[in-house]
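Notes to accompany the following structure.
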Amino acid sequence: MEYRYLNSPLNIGTMCIKNRTVMTSITMMYCEEGPNGGYVNDKLLNFYLERAKGGVGLLIAGGVATDNYVGYENMMRLNDDRYIDGIKKLADGVHQNGSKLCLQFLQTGRYGNTKAVFGDVNTLSASSVPTTFSPDIPREITKEEIHMVISHAADAAIRAKKANVDAIELCANSGYMISQFLSEVTNKRTDEYGGSFENRCRFGMEMIETVRNVVGNDYPLILRVAGNQYMPGGYGLDETIAFCKLAVSAGINAIDVTGGWHETIIPQLPADVPNGAFVYLAEAIKKAVSVPVISSNRHNDPKEAEILLACGQADFIGLCRTLVADPYWPEKAFTGKEHEIRKCLACNQGCFANVFNHKPCKCLFNSYVGREAEELAIELSKAPKKILVVGAGVAGCEFAFRAASRGHKVTIWEQSEKIGGMINVAAVPPAKSEFHNITSYLLAMLQKYDVPVVYNKKATKEEIVHAAFDEVIIATGSTAKRIPISIPDGIPVYTAEEILKQEKIAGKDVLVIGGGSVGCETADYMAREAAISPEKLYFLLTQQAESPEFLANMLSGSSRNITIVDIASIGANYDFGCGWPIMKDMRRLGVKMYPKAKLLGIDKEGYHIEAFNKKTRETYMASAPVDTVILAVGYSSNQELMHELEGSGIKVHNIGDSCKVGKVIDAIYMADNLAAII
């Protein structure tokens, strides 16, 4: 389709941007650590240059530390002249590829880590209010230090101009330093920087005015804000709008609008958040200010972005993790190749989870994030081979198209009628539908590289040997485990996979054995299946069939009684920041959870559990009726064919779950690494 709005130029101040796509800031954790770290290295440079090649209009790189309170050891720095050359190399490379470069100046405040504070003993904040995002309690910043922080930001701005950077973004979003001053949750001061709204704005306004004074009137400045703090006692949209108006008067040329703080209990980035869920914040701010507005958080689909722009809800589209997953998202959209976009899954496993664990950013869906130079170095094979892939799951399909792109002739045998394997199951639970993007992308790539898939084809050793392939890739996946369990007649025992495939339907009183991610997502799926659906809620609301209070009540609970039991913690295998939305949803729907508990047995009366009370440190008994038991106790690798082929003289490789049961990210990395060298 034609992207008349998305692919049109627009200015931010004096800076003309070729289209309406903006890669918003993400701390990649690619720089070296320590007092002498923070330089733009080849890893970081290649990451951003690949995004510039992909057609993005504006790259906002960072966060960038502007003083010795670095926050995260691996982040970029511009607190000294020695960093100018590296930043200039980045800027020049971005310009050569037709994009503009902006640096986000980030003072993390209480979100930082004392390990990355050089020359002091602690992090700083508006007040000494701790956060769960850092183990360190911040020290209340003094007025002298306020002036120091602002002065250092101004010095960094001068360096940015010297480095040929096109614009600067000041970070006042997600709960970092400027927003810590703005919020009464974190600002308990009694001086001129605390108390009234005007006083709480003072730090941010002084930062803007000081930076504006040193860069001049023609240099573009952007402000990134949280549209709504989404925290009890915090600021909402009205105060954000008022803050933005003051910021524009102080010299800001554009407003970049995200959702809430990192600490909020409202999901911001996972797939629980619908695409464009926070557009209303950008739209409200756009109506109130005279400068362009960037809408950020969960923009994944070019058509959705085009509609947003066409309706005047924002002026630019923020595409952070979207461009992490696929740097060529803009180019593919503008050249009619939307079907080839590797769409972000909003899983947060390689990006958000890694960054907040102080590890380099990766991507579940794109194994070459942070390894762009390696990908570019992969050459066509000098000796193309005839390769068979057994299994069209993620590992098999990923390997197949990557190997075919190098000139190998690859064929896939798949025993079912479609590709995707376990992804077709993983994409069923609530908030996991984005995983369908994996199968649609893989199918597009198989077609692009002419990889034939033979469906309903069960591979045998004899047929493989007879076909005379040069090499065989086993990607036969895994099978759900079953455990022996004593239960009365009439109570069925199903696997989570059977439920998610909709091969079986659970009853009203359900016991889920296994509290890992599969058990949790299956429980949530079953609970939602017996609760009011979004479509029904929308109908009843728009028709005013019941009062809003009555309908809100219907959102709390399910017609199923579901219990999860595990000898370990519930949801323990989720990556950092990825599990809490589903735990919250299960609590909303009334799912009972018994972590670190022992299932004593199931009889005609129901289940009997010996549970542990974390607060009292005592054990207690729990019982309830059961009419269905669901097993979510793991998977076993399917290695029969692999073992059969051993000693056959055929060169065989085993990848994905059939090699070792793991996560999707493991399967994709394994497949890509093999395809690069075969």
Rounded to the nearest 0.5 Å, how far apart are [atom1] of [X] and [atom2] of [Y]?
| X | Y | atom1 | atom2 | value |
| --- | --- | --- | --- | --- |
| Gln268 | Tyr230 | CD | OH | 6.5 Å |
| Arg298 | Asp272 | CZ | CG | 9.0 Å |
| Glu610 | Leu600 | CD | CG | 5.5 Å |
| Lys598 | Phe612 | NZ | CZ | 15.5 Å |
| Phe278 | Leu237 | CZ | CG | 12.5 Å |
| Ile499 | Tyr525 | CD1 | OH | 8.0 Å |

(request) Mind telling me whether Tyr441 and Phe401 have parallel, tilted or perpendicular rings, with 30° and 60° as the class edges? (result) perpendicular
(message) Parallel, tilted or perpendicular: which one describes the rings of Phe352 and Phe133, with boundaries at 30° and 60°?
(response) perpendicular
(request) Answer with yes or no whether the side chains of Asn638 and Thr479 bring together a donor and an acceptor at under 3.5 Å. (result) yes
(message) Is a donor from one side chain sitting under 3.5 angstrom from an acceptor on the other, for Tyr111 and Glu263?
(response) yes
Side-chain contact test, heavy atoms from C-beta onward, threshold under 4.5 Å: evaluate it for [X] versus [Y] and give yes or no.
| X | Y | result |
| --- | --- | --- |
| Asp666 | Lys663 | yes |
| Thr240 | Leu281 | no |
| Ile419 | Ile412 | no |
| Tyr5 | Ile307 | no |
| Leu446 | Cys397 | yes |
| Met526 | Thr628 | no |

(message) I'd like to know whether Leu599 forms a side-chain contact (heavy atoms from CB on, under 4.5 Å) with Leu511, so could you lay out the CA-CA distance, the side-chain angles of the two residues, the decisive distance to 0.1 Å, and finally the verdict.
(response) CA-CA 10 Å; Leu599 177 62; Leu511 175 66; 4.1 Å; yes
(message) Tell me which one of Ile317, Leu6, Thr21 satisfies side-chain contact (heavy atoms from CB on, under 4.5 Å) with Pro330.
(response) Thr21
Lys/Arg N to Asp/Glu carboxylate O, [X] vs [Y], below 4.0 Å:
| X | Y | value |
| --- | --- | --- |
| Lys332 | Asp326 | yes |
| Glu498 | Arg482 | yes |
| Glu529 | Arg560 | yes |

Minimum heavy-atom distance between [X] and [Y], given as atom pair plus value:
| X | Y | result |
| --- | --- | --- |
| Ala531 | Gly557 | CB-O, 3.7 Å |
| Tyr594 | Ala611 | CD2-CB, 3.7 Å |
| Thr258 | Ser296 | CG2-CB, 4.1 Å |
| Asp603 | Ile491 | O-CD1, 4.5 Å |

(request) With side-chain contact (heavy atoms from CB on, under 4.5 Å) as the test, would you mind laying out the steps for Arg588 and Leu555 before giving the verdict? (result) CA-CA 8 Å; Arg588 174 182 69 86; Leu555 285 171; 4.2 Å; yes
(request) Tell me, with the steps shown, if Val389 and Val410 meet side-chain contact (heavy atoms from CB on, under 4.5 Å). (result) CA-CA 7 Å; Val389 177; Val410 185; 3.7 Å; yes
